[in-house]
Amino acid sequence: VAYLIVFHILFVLFVWTYWKSVFTLPIQPGKKFHMSYADQERYESEERPEVQRQILAEIARKLPVYTRTGNGGIRFCDRCQLIKPDRCHHCSVCAMCVLKMDHHCPWVNNCIGFSNYKFFLLFLAYSLLYCLYIAATVFKYFIKYWTVMRHSPELWRSPEPACGELTNGRSKFHILFLLFVAIMFFVSLMFLFGYHCWLVSRNRSTL
C-alpha cells in the first residue's frame, strides 16, 4: 500500500507539471517594447542602416535594454515590430517573441520561457524521481528473474505460477523491459536536469 501511495503521488506531480509546461502560454514583452505606428513609419521609410540604428537607439533609450547585437545595435524583431528585451528571442514555431526564452521544447510542444520555466524544471525533477522509483521497485523482481532462470530453468519455462515468483516467462520480459526503459530515461533526464540546474545556478539560459 505504501508503494502505491508514493507511486501515485509522484505520478500526479509528474502529470501536473507536464500539463502546466504544455498549456502555460509563453509571454510576449510588454507594450512599452512595441514600436508606435509613427516610429514604425519612420523606421521603415528610412533606407540607411546607420540611421535605422539611431532611430532604434532613441526609442530604446528609456527602456531597460542592455544586450546589443554583434555590431552594437539595438536588438529589434522585424516580424513582431518590437525592441527585444534581454534574453528575449523570436520563436519561429510559435511565431512570436518570447520573454526570457530558453528553448522550444518538442516534448511539450511549447516554448520554455519566463512563464513556464519553473514548471519545466519541476517536470524534469518529478520525471527523474518517477523513473528512479519505478526502477527501484522493479529491481527486486529483476533479481528474481535471473535467480530463477539460472538455478531453476524448468521453473522459468513453466506456465504455472510458483510460490513467491513471477507467473511466467512473458511477464518476466515485461519486468525487464520496464526496468531498462526506466533506467534509460533516468540517465537521460539526469543529464538534462543537471544541465538546467547548472544554468539556473549561473543565471543563464540555453539560448
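Numbers here are sequence positions counted from 1. We use all heavy atoms of the structure for the numbers below, so side chains are in, but hydrogens, waters and symmetry mates are not.
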Linking I/L/V/M/F/W/Y whenever their side-chain heavy atoms sit closer than 4.5 Å, directly or via other members, would [X] and [Y] fall into one cluster?
{"X": "L13", "Y": "Y130", "answer": "yes"}
{"X": "I9", "Y": "L128", "answer": "yes"}
{"X": "L189", "Y": "V200", "answer": "yes"}
{"X": "F142", "Y": "V187", "answer": "yes"}
{"X": "I134", "Y": "F11", "answer": "yes"}

Separation between [atom1] of [X] and [atom2] of [Y], rounded to the nearest 0.5 Å:
{"X": "F123", "Y": "F14", "atom1": "CZ", "atom2": "CZ", "value": "5.0 Å"}
{"X": "Q81", "Y": "M35", "atom1": "CD", "atom2": "CE", "value": "6.5 Å"}
{"X": "K62", "Y": "K32", "atom1": "NZ", "atom2": "NZ", "value": "12.5 Å"}
{"X": "F7", "Y": "Y3", "atom1": "CZ", "atom2": "OH", "value": "14.0 Å"}
{"X": "H196", "Y": "I112", "atom1": "NE2", "atom2": "CD1", "value": "8.5 Å"}
{"X": "R68", "Y": "I74", "atom1": "CZ", "atom2": "CD1", "value": "3.5 Å"}

Distance alone, cut at 3.5 Å: any donor-acceptor contact between the side chains of D102 and T206? yes

Whether [X] side chain and [Y] backbone form a donor-acceptor pair below 3.5 Å:
{"X": "N116", "Y": "V22", "answer": "no"}
{"X": "R79", "Y": "C97", "answer": "no"}
{"X": "D86", "Y": "Y66", "answer": "yes"}

What are the two closest heavy atoms between [X] and [Y], and how far apart are they?
{"X": "A95", "Y": "H90", "result": "C-CE1, 3.9 Å"}
{"X": "A135", "Y": "I183", "result": "CB-CG1, 4.2 Å"}
{"X": "C91", "Y": "M101", "result": "CB-CE, 3.8 Å"}
{"X": "P26", "Y": "M96", "result": "O-CE, 3.8 Å"}
{"X": "S21", "Y": "V108", "result": "CB-CG1, 4.1 Å"}
{"X": "K84", "Y": "V65", "result": "O-CG1, 3.9 Å"}

Which residues pass the ring-ring contact (aromatic ring centres under 6.0 Å, His included) test with F185, sequence neighbours left out?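 Listed in chain order: nothing, the list is empty.
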
Using a 4.5 Å cut-off on heavy atoms from C-beta on, say whether the side chain of [Y] contacts that of [X].
{"X": "I83", "Y": "L63", "value": "yes"}
{"X": "F180", "Y": "M184", "value": "no"}
{"X": "V98", "Y": "H89", "value": "no"}
{"X": "I55", "Y": "D39", "value": "no"}
{"X": "R87", "Y": "L99", "value": "no"}

Before we go on, tell me: are the rings of [X] and [Y] under 6.0 Å apart, centre to centre?
{"X": "Y18", "Y": "F119", "result": "no"}
{"X": "H103", "Y": "F120", "result": "yes"}
{"X": "F76", "Y": "Y43", "result": "yes"}

Salt bridge between E58 and R42, side-chain N to carboxylate O under 4.0 Å?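 Between R42 and E58 there is a salt bridge, with a charged N closer than 4.0 Å to a carboxylate O.
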
Test the K100-F114 pair against the cation-pi criterion, namely NZ or CZ under 6.0 angstrom from the six-membered ring centroid and within 45° of the ring axis. no

More than 12 heavy atoms of other residues, nucleotides or ligands under 6.0 Å from CD of E50: is that the case? yes

